[in-house]
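As structure tokens, the structure follows; a few thoughts come after it.
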Amino acid sequence: MRTIRADGRAEAALGLTVATLFLLALTINAMLPALGEMEPSATCTLLLAVAGVIALIVARPVFAVSMLYTLVIGLTAFVAGVGIESGGFLRETDIFGVANGAFSRLLSFYVIFVACAQFGFNRFLKVRTAHEPIRARMTLQPISIVLGLGLVAAILATGVLAGLTGGFSVLSGVNRYALRNDASNSTLFNLFLNNQTFVAVLLSTFCTSSNKTVRWVSIFMMVADLVLEALHGEQFMAVLHVCMTVLTPLIAIQAMNGKPVMRYLGIGSAVALVIGSVSLFYAYKGQGLDVAETVMSRFLEQGQAWYVVDGDAHLFGAPALGGMAAFGRFAASLGSFTEPTFFSDAPVSGLRDLMLSYGTPEILKAYVFDDVTFTMGNMAVPVYWFGYAGGALFVALTGAIYGAVSAMLIQVAMRGGVVMLWLTTKIFAYATYSIQQGDYWTLFGARTLFYLLIALIWWVCIDARRSNADATRTGLS
């Protein structure tokens with residue numbers, strides 16, 4: 001008992017030391033721009049952000065894996081920051097970057113986001129080593145296994161049919177967005193792509209089954225899904241998203257059962273790196289693009305929304321191009337069940353509003369043609385509306401919500417059925433896209449609230465009752 005208590009104290013002391021050092025480094029990094037060390041601050045910010053993500057993975061693996069895709073997306077913005085503040089050319093706004101410490105300020109927003117996300121996560125899921133082995137309820141029911149694997153097979157079949165009838169982007173050498181917009185079978189494309197989160201979470205949950213056949217069938221389907229994603233031109237970040245989502249229920253259940261989980265993170269990251277990189281290389285080569293130049297250009301795009309807004313914002317004042325008028329347009333869009341686009345008759349809002357304010361006409365035409373907004377604005381859009389202080393409060397709110405949604409996804413994977421999981425993954429996918437891009441309509445819009453209402457009704461009327469009946473057998477309370 002004394003040994004355990006001593007080990008606990010040592011672990012607590014180490015955690016406190018690491019947290020203190022990180023806060024000290026964060027403070028010094030935030031002071032660098034004020035001390036005139038503008039350009040080095042971008043590199044220091046990147047290193048500090050990477051160290052923070054690694055520390056979070058080691059200290060809180062279950063929470064970290066549910067957030068890892070979002071955090072890695074964020075790291076690309078800090079990589080962009082090094083290039084931008086070294087004088088990189090931002091083709092979307094037709095300006096050259098200048099060292100001003102913008103990304104040092106961005107890091108503080110991510111710290112707020114992660115802290116609030118962990119608060120929301122902990123409110124819905126207590127991560128502890130269970131005394132009784134945890135087994136996901138749907139893996140214990142043959143009807144759920146048949147239904148789940150059947151649905152995954154149907155989704156994979158639509159991916160194959162979409163490629164055979166409309167063409168695989170990588171094989172045809174056509175931009176994936178242009179191919180899908182021109183395809184007569186866009187419904188098949190959308191059905192396959194819009195259910196990737198469901199496929200990943202369901203197969204991950206089935207990988208925890210005690211039935212070896214179910215586990216291997218799930219692994220085979222997982223590999224097939226990743227190959228189809230690559231053939232359809234989904235590149236590094238999309239593959240990373242699937243790999244990290246696949247790991248979420250698996251790592252959560254294994255960690256709560258007291259088993260080591262870091263190896264799964266290593267394997268998942270390696271798979272994402274290999275498949276995503278190969279897909280990216282062949283997709284760009286097939287389109288006749290210079291791979292290195294295109295990758296560099298797109299990296300710079302990842303941070304430019306923040307950079308241009310940061311240059312106009314104040315502590316309590318929003319940029320003149322944004323402000324409450326822009327937020328009013330966003331609020332007015334929330335009642336629509338259809339996601340706002342450049343083609344809608346309604347006023348452009350959210351990230352598209354920001355892009356219209358700062359983007360060049362040529363780039364905006366390309367976005368309209370492809371019907372896609374690539375540039376992230378997850379932290380820039382709130383500052384575009386409210387300035388730094390109000391933007392930080394909005395980021396804190398979205399962080400707490402996203403943490404809660406991530407925890408709910410794990411809870412449903414352990415205690416819910418296939419239908420409930422599909423509803424929850426829809427909500428989680430919308431929230432993830434919102435946090436990734438800054439298109440907050442997908443988090444607060446009527447469509448997401450509709451799915452949330454249906455999920456709550458289904459849980460109360462069906463899955464919660466079944467889950468309570470099975471609580472003793474699954475080891476969950």
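- Counting only distance, with no hydrogens or angles, the side chain of S144 and the backbone of L140 share no donor-acceptor pair below 3.5 Å.
- Residue R415 comes nearest to R137 through the heavy atom pair O-NE, 2.7 Å, listed as atom of the first residue, atom of the second, then distance.
- To the nearest 0.5 Å, the span separating CE on M376 from CD on Q437 amounts to 7.5 Å.
- Taken to the nearest 0.5 Å, the CH2 atom of W458 stands 11.5 Å off from the OG1 atom of T424.
- Of all heavy-atom pairs spanning M222 and C207, the tightest one is CE-SG, 3.4 Å.
- The backbone N or O of F198 lies less than 3.5 Å from no partner atom in the side chain of N195, so there is not a single donor-acceptor pair.
- With a 4.5 Å cut-off on side-chain heavy atoms, S66 and F121 count as touching.
- Summarising the geometry, atom CZ belonging to R352 is positioned 10.0 Å from atom OG belonging to S333; distances are rounded to the nearest 0.5 Å.
- Between T208 and A136, the shortest heavy-atom contact is OG1-CB, 4.3 Å.
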Criterion ring pair (Phe, Tyr, Trp, His ring centres under 6.0 Å) on F394 and Y440, from CA distance to verdict: CA-CA 11 Å; F394 190 90; Y440 289 105; 5.0 Å; yes

Run the side-chain contact (heavy atoms from CB on, under 4.5 Å) test on F124 and I410 for me, step by step, so that the C-alpha distance in whole Å, both residues' side-chain angles and the decisive distance to 0.1 Å come before the verdict. CA-CA 10 Å; F124 285 87; I410 295 173; over 6 Å; no

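- Between F327 and Y384, the distance from one ring center to the other does not fall under 6.0 angstrom.
- Inspection of the S210 and R135 side chains reveals an N or O donor paired with an N or O acceptor under 3.5 Å.
- More than 12 heavy atoms of other shown residues, nucleotides or ligands fall within 6.0 angstrom of atom CG in L24.
- The minimum heavy-atom distance linking A429 with T197 is given by the pair CB-OG1, 3.6 Å.
- Using a 4.5 Å cut-off on side-chain heavy atoms (C-beta onward), V309 and P319 make contact.
- For the pair H241/Q196, no side-chain contact is recorded, criterion being any heavy-atom separation below 4.5 Å from C-beta on.
- For the atom pair Q141 CD and T139 OG1, the distance stands at 8.5 Å (nearest 0.5 Å).
- Between the D225 side chain and the M221 main chain, no donor and acceptor come within less than 3.5 Å of each other.
- The two residues V308 and A305 make their nearest non-hydrogen contact at CG2-O, 3.4 Å.
- Rounding to the nearest 0.5 Å places CH2 of W306 at 9.0 Å from CZ of F78.
- Between S406 and L125 the shortest side-chain heavy-atom distance does not fall below 4.5 Å.
- Side chain of K126 to backbone of N122: a donor-acceptor contact under 3.5 angstrom is found.
- The aromatic ring centroids of F330 and W385 lie less than 6.0 Å from each other.
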CA sep, side-chain torsions, deciding dist, call: L202, M138, side-chain contact (heavy atoms from CB on, under 4.5 Å): CA-CA 9 Å; L202 185 70; M138 68 181 71; 3.6 Å; yes

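- Atom OG1 of residue T448 and atom CZ of residue F337 lie 10.0 Å apart, to the nearest 0.5 angstrom.
- Applying the side-chain hydrogen bond (donor to acceptor under 3.5 Å, both in side chains) definition to pairs two or more places apart or across chains, those involving residues 102-118 are N29-S104, R105-D310, Y110-N378.
- Between Y69 and Q436, the side chains place a donor N or O and an acceptor N or O closer than 3.5 Å (distance only, hydrogens not considered).
- Inter-residue side-chain proximity for D439 and S434 is flagged as unmet; no heavy-atom pair is nearer than 4.5 Å.
- Taking both residues in full, the closest heavy atoms of L443 and A431 are given as CD1-CB, 3.7 Å, listed atom of the first, atom of the second, then distance.
- The closest side-chain donor-acceptor pair between Y402 and T432 falls under 3.5 angstrom.
- In this structure, the side chains of L68 and V53 come closer than 4.5 Å at one or more pairs of heavy atoms.
- Residues F428 and V201 form no side-chain contact, since every pair of their non-hydrogen atoms from C-beta on lies 4.5 Å or further apart.
- When the ring pair (Phe, Tyr, Trp, His ring centres under 6.0 Å) test is applied to F206, no partner is found at least two apart in sequence or on another chain.
- In this structure, the side chains of F113 and T70 come closer than 4.5 Å at one or more pairs of heavy atoms.
- Within a 6.0 Å sphere centred on CZ of R60, heavy atoms belonging to other residues, nucleotides or ligands number 12 at most.
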Please determine whether side-chain contact (heavy atoms from CB on, under 4.5 Å) holds for the pair T398 and F444, giving the CA-CA distance in whole Å, both sets of side-chain angles, and the decisive distance to 0.1 Å. CA-CA 10 Å; T398 57; F444 297 105; 4.1 Å; yes

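- When each of L250, L149, T245, I219 is checked for a side-chain contact (heavy atoms from CB on, under 4.5 Å) with L203, only L149 meets the rule.
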